[in-house]
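Presented below is the structure to which this report refers.
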Amino acid sequence: MTRALPPVPHDDSRDTAGRRYPAHLDVWPVREPKDWPGAWWADWYNLPPPLWPLRLPPAAYERDRGHRDRRRAAERARRDVRVRWVDGAGRPPTTWRFVAELPDGTLLGELRAHERDLHLVRGDDGDRPRELVLDGVLVAAGNRRIGIGDRLVAAMTQRMDETGICLVRTVVEEHIAIRFRSACGFRVASARPLAMALRRPAGPAPRPPRPP
């Protein structure tokens with residue numbers, strides 16, 4: 001009995017020279033630099049398209065089996081991951097925690113935040129709205145850049161709408177974290193915290209005085 005081979009999903013795709021892509025490899029479209037492994041500047045420089053060092057191909061694929069397996073696992077995680085609110089567990093009611101996990105309970109990501117009362121911060125009795133402080137968004141290695149962090153932030157903003165909290169603040173340092181929060185809608189606040197440090201001169205420890 002002869003069995004027909006399954007159709008190639010990317011059979012209609014062509015590279016810049018008009019050639020078909022390998023039928024046995026996973027091929028995905030390249031819409032921005034982060035979609036192409038050859039875009040070495042994607043994670044470091046936020047360049048406009050006219051300044052990109054290389055021209056993006058219409059699609060990309062990966063020859064290394066290990067990379068292909070990790071990419072397929074990430075695609076499965078993108079499809080199956082669920083975000084839920086974690087309640088109770090002995091935490092104060094003003095602390096927020098969302099987790100992103102697979103159906104078997106494997107934890108892939110987490111978002112933590114806490115409410116702060118401006119009456120206590122400023123020491124007055126004025127009628128001030130509550131604010132939220134985003135403590136951090138963490139995604140397990142191998143599952144980043146597939147939308148898990150975006151879904152965690154979306155769950156947070158939805159709960160903000162439900163509870164009437166209109167403002168969330170956060171402090172970031174790393175360039176990638178700044179880009180992620182900017183993509184989620186965060187903007188630089190007009191009143192920003194000032195990072196300060198006290199550094200003492202390095203040197204050998206002073207010797208104790210010699211006895212007479």
Worksheet item: Do you know the tightest heavy-atom contact between W96 and E115?
Response: NE1-OE2, 3.0 Å
Worksheet item: Centre of W36's six-membered ring, under 6.0 Å away, within 45 degrees of the axis: is that where NZ or CZ of R31 sits?
Response: no
Worksheet item: What distance do D161 atom CG and M156 atom CE have between them, rounded to the nearest 0.5 Å?
Response: 10.0 Å
Worksheet item: Is any side-chain heavy atom of V30 closer than 4.5 Å to a side-chain heavy atom of P58?
Response: no
Fill in: salt bridge (charged side-chain N to carboxylate O under 4.0 Å, His left out) involving E75 - partner list, sequence neighbours excluded
R78
Worksheet item: Do V172 and L152 share a hydrophobic cluster (ILVMFWY, side-chain heavy atoms under 4.5 Å, transitive)?
Response: no
Discussion item. With a 4.0 Å cut-off on N to O distance, would you call E62 and R68 a salt bridge?
Written reply: no
Worksheet entry | From I146 atom CD1 to R76 atom CZ, the distance as rounded to the nearest 0.5 Å | 11.0 Å
Worksheet item: Do F180 and V139 have side chains that get closer than 4.5 Å, going by heavy atoms?
Response: no
Discussion item. Are V86 and I148 linked, directly or through intermediate hydrophobic residues, by side-chain heavy-atom contacts shorter than 4.5 Å (ILVMFWY only)?
Written reply: no
Item to complete: Tell me, please, which residues at least two apart from F98 pass ring-ring contact (aromatic ring centres under 6.0 Å, His included).
Response: W85
Worksheet entry | Side chain proximity check, P33 to L54, heavy atoms < 4.5 angstrom | no
Fill in: From CA spacing to verdict: side-chain contact (heavy atoms from CB on, under 4.5 Å), R181, L134
CA-CA 11 Å; R181 282 163 173 75; L134 177 60; 4.0 Å; yes
Worksheet item: Same cluster for W41 and L51 if Ile/Leu/Val/Met/Phe/Trp/Tyr side chains link at under 4.5 Å?
Response: yes
Worksheet entry | Heavy-atom check, side chain of E162 versus side chain of Q158, under 4.5 Å | yes
Worksheet item: Does any non-hydrogen side-chain atom of L132 lie less than 4.5 Å from one of R169?
Response: no
Worksheet item: Does the S182 side chain pair with the main chain of I178, one donor and one acceptor, at a distance under 3.5 Å?
Response: yes
Discussion item. Do T170 and V133 make a side-chain contact, defined as non-hydrogen atoms from C-beta onward lying under 4.5 Å apart?
Written reply: no
Discussion item. Treating D35 as the side-chain partner and E32 as the backbone partner, does any N or O pair qualify as donor plus acceptor under 3.5 Å?
Written reply: yes
Fill in: Intermediate values then yes/no, side-chain contact (heavy atoms from CB on, under 4.5 Å), V168 and F186
CA-CA 9 Å; V168 56; F186 284 81; 3.8 Å; yes
Discussion item. As a quick check of understanding, evaluate side-chain contact (heavy atoms from CB on, under 4.5 Å) for V153 and L111, giving each step before the final call.
Written reply: CA-CA 8 Å; V153 173; L111 181 149; 4.1 Å; yes
Worksheet item: Measuring from L167:CG to M160:CE, what's the distance to the nearest 0.5 Å?
Response: 6.5 Å
Response to the item:
Between V83 and A100 the two heavy atoms that sit nearest each other are CG2-CB, 4.0 Å
Fill in: side-chain contact (heavy atoms from CB on, under 4.5 Å) between R151 and V81, intermediate numbers included
CA-CA 10 Å; R151 294 180 61 176; V81 70; 3.2 Å; yes
Discussion item. Would you say L107 ends up clustered with L138 if hydrophobic residues are merged whenever their side chains have heavy atoms under 4.5 Å apart, either directly or through other cluster members?
Written reply: no
Worksheet item: Can you tell me how far the NE2 atom of H114 sits from the CG atom of D135, to the nearest 0.5 Å?
Response: 5.5 Å
Discussion item. Looking at R72 and D26, is there a salt bridge between them, counting it only when a charged N and a carboxylate O are closer than 4.0 Å?
Written reply: yes
